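Let me begin by presenting the structure, written as C-alpha cells, before commenting on it.
Computed from heavy atoms alone, side chains included, the values below leave out hydrogens, waters and symmetry copies. Start at 1 and go down the list; that is how both ligands and their atoms are numbered. Note that the coordinates shown come from a computational prediction; the quantities given were computed from them, not determined experimentally.
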Amino acid sequence: MSAGANLRTTAAALPGGFRAEPRTILPGATIGVLGGGQLGRMMALAGSAMGYRFVALDPTPDAPCGQVADQIVAAYDDVEAARELARRADVITYEFENVDADVAALLEAEAYVPQGSALLRTTQHRLREKRAVEAAGARVAPYAEIRSLGDLREAAGRFGFPCVLKTATGGYDGKGQWVIRSEAEIEPAYDALSRAKTELVLEQFIRFDKELSVIAARSPRGEIRTFPAAENVHVENILHLSIVPARVPEAVRREAEELAVRIAEGLNVVGLIAVEMFWSAEQGLFVNELAPRPHNSGHYTMDACRTSQFEQHVRAICNLPLGDPALLTPVVMVNVLGRHLEPVIARFAQPDEAAARLRVKPSLHLYGKRDAAPKRKMGHVNVLASSVEDALAWMDETKIWKV
Ligand code: AMP
C-alpha cells in the first residue's frame, strides 16, 4: 500500500479527521479557498500582496473572491470540483464553517489542509462547541440540551424568562433562534425550531452590558497572537459596529484576550479563531460563539492594526511567523448593508468636511456584490480617529446609518 493510500485510510478512520504534518508554504504557492465571499476576497487581497496566488471554489459566477482570484464555479458539495481545487492548490483553507463533511474528508485526504476538519466539526454544532469551550477552561451561558417539549418546559422553568432557544446547527445572524419571553411562547418556539430537524439548545438569557470579540491566530508551530478586543453592536441581529478599543475596563479586555488564547490552545487551532463573548459587569465574561475563520468583527484590523486579520490568517496557515497585531489607532468599523450602499458611495465621491473637521479618516471597503438587498453585507467603513468618540461623531454626522 502506498503512503498516500495509508493517509486516506487514516483520514477516514479517525473521527473528526486528522491533521497533516505542518508544512511551510512559501510565497509563489497557490492557496485554495472554499467559499468565494467577502472574507475570501479580503484574504486573497492580503495574500496576493504577500506573493501568493489564490483559487476559490464558489457556486456564484463572479463571486467577490473570484473577482480578485481564480475561481472554480461549482456547488460546495461537488466532490469533483473539490478534487480540482485540491489539484490546483498547495494549501487549502475555508471562509465559512458549514463545509460539507464529504468534501472536507476528500480535501484532507488529497490536499494539505493545515486547519484540519476537527475544529469545523466542533464549531458547526452549538452543543459540541459549548462543551469544547468549557473543556478549554472558559465559561458559557448556562445551557441545556433539548430533545422534547418536556425538556424545554423543564429547562425554561430552571432558567426563567427570557431564555433563548437555538438550533444546534445552521443558524447565523440570529436565524434559528427564538427569545422565549413567557410560558405561552414555549410551545410555538419549540414547534418553529424543531422543524429544522436538528438538536436544540436552550440558553439562559445573559443581561450583558457589552458584546465583545477577540480574534486569535495560531500557527502549526504553536505561536499564538491575539488582536485587541472589539466591542460589537448588533442591529436586528446583524453586526453594525465594532468599536476598538472596547469601552470596558482594561482588565476585562485583558481577560477576554486571555480567554481567546486558552481557546486557541485548547482547541488546537491553526489559522484564526474568532471568539464572541458577552460581558456583564456583575457576572463577568461568557463565551457565546466561535468562528474558525476571519470574522466581520475583525475587519477593523485592515486599517487600524500593524497586521490585518487576513494577513495573519495567511501567515498562520502557511506556517510563517505571525505578524504584530498591535493597534495603531482607535477605530470604529461600521458595516455597509444594501440599504446604505447608495448614500455611502455618494458620501465618498465628495469632499468630506466633517471628516476634515473631526480629523478622522474613513476608509471604505466594498465587496463587489451586484445584488444590494437591504440587509446584505456589501462592504464596511473603518473610521480611524484619535478617539472612538470622534469616529462615532463622524458616523452621526453622515446620517447614513440612522435608517
Ligand atoms: P448568536 O447567533 O448566538 O450569535 O446570537 C445572536 C445574538 O443574539 C447575540 O449576538 C446576542 O445579541 C443575542 N443572544 C444570543 N444568545 C443570547 C443569550 N444567551 N443571552 C442574551 N442574548 C443572547
(request) Answer yes or no: is there an ion pair linking E289 with R126, defined by an N-O contact shorter than 4.0 Å? (result) yes
(request) Could you tell me which atoms of ligand 1, counted from 1 in the order shown, lie closer than 4.0 angstrom to a heavy atom of I206? (result) 18 (C), 20 (N), 21 (C)
(message) Apply side-chain contact (heavy atoms from CB on, under 4.5 Å) to residues V336 and W401 and explain how you reach the verdict.
(response) CA-CA 9 Å; V336 175; W401 288 275; 4.2 Å; yes
(message) Is the ring pair H380/H299 parallel, tilted or perpendicular, if the boundaries are 30 and 60 degrees?
(response) tilted
(message) What I want to find out is whether D303 reaches K361 closely enough, with some N-O distance under 4.0 Å, to be called a salt bridge.
(response) no
(request) Would you check if the side chain of S117 reaches a backbone N or O of L120 as a donor-acceptor pair within less than 3.5 Å? (result) no
(request) Examine A141 against ligand 1 and note whether any of their N/O atoms are separated by less than 3.5 Å. (result) no
(message) Quick check on contacts: which atoms of ligand 1 are under 4.0 angstrom from a heavy atom of H234?
(response) 10 (O)
(request) Mark up the atoms of ligand 1 that fall under 4.0 Å of a heavy atom belonging to F208, in ascending order. (result) 12 (O), 21 (C), 22 (N)
(request) Just go through Q204, E289, E211, R126 and tell me whose heavy atom is the nearest to atom 19 (N) of ligand 1. (result) Q204
(request) Answer side chain, backbone, both or neither: which part of N288 comes under 4.0 Å from ligand 1, heavy atoms only. (result) side chain
(message) Under 4.0 Å, counting heavy atoms only: does F286 come that close to any atom of ligand 1?
(response) no
(message) Do R181 and F161 form a cation-pi contact, if we require the NZ or CZ to be under 6.0 Å from the six-membered ring centre and within 45 degrees of the ring's axis?
(response) no
(request) Could you check if a side-chain atom of N98 sits within less than 4.5 angstrom of a side-chain atom of Y76, using non-hydrogen atoms only? (result) no
(message) Side chain or backbone, does Q177 bring an N or O within less than 3.5 Å of an N or O on ligand 1?
(response) yes
(message) Counting only heavy atoms closer than 4.0 Å, does ligand 1 sit against the backbone of N237, its side chain, both, or neither?
(response) side chain
(request) Decide whether the shortest distance between a heavy atom of R207 and an atom of ligand 1 is less than 4.0 Å. (result) no
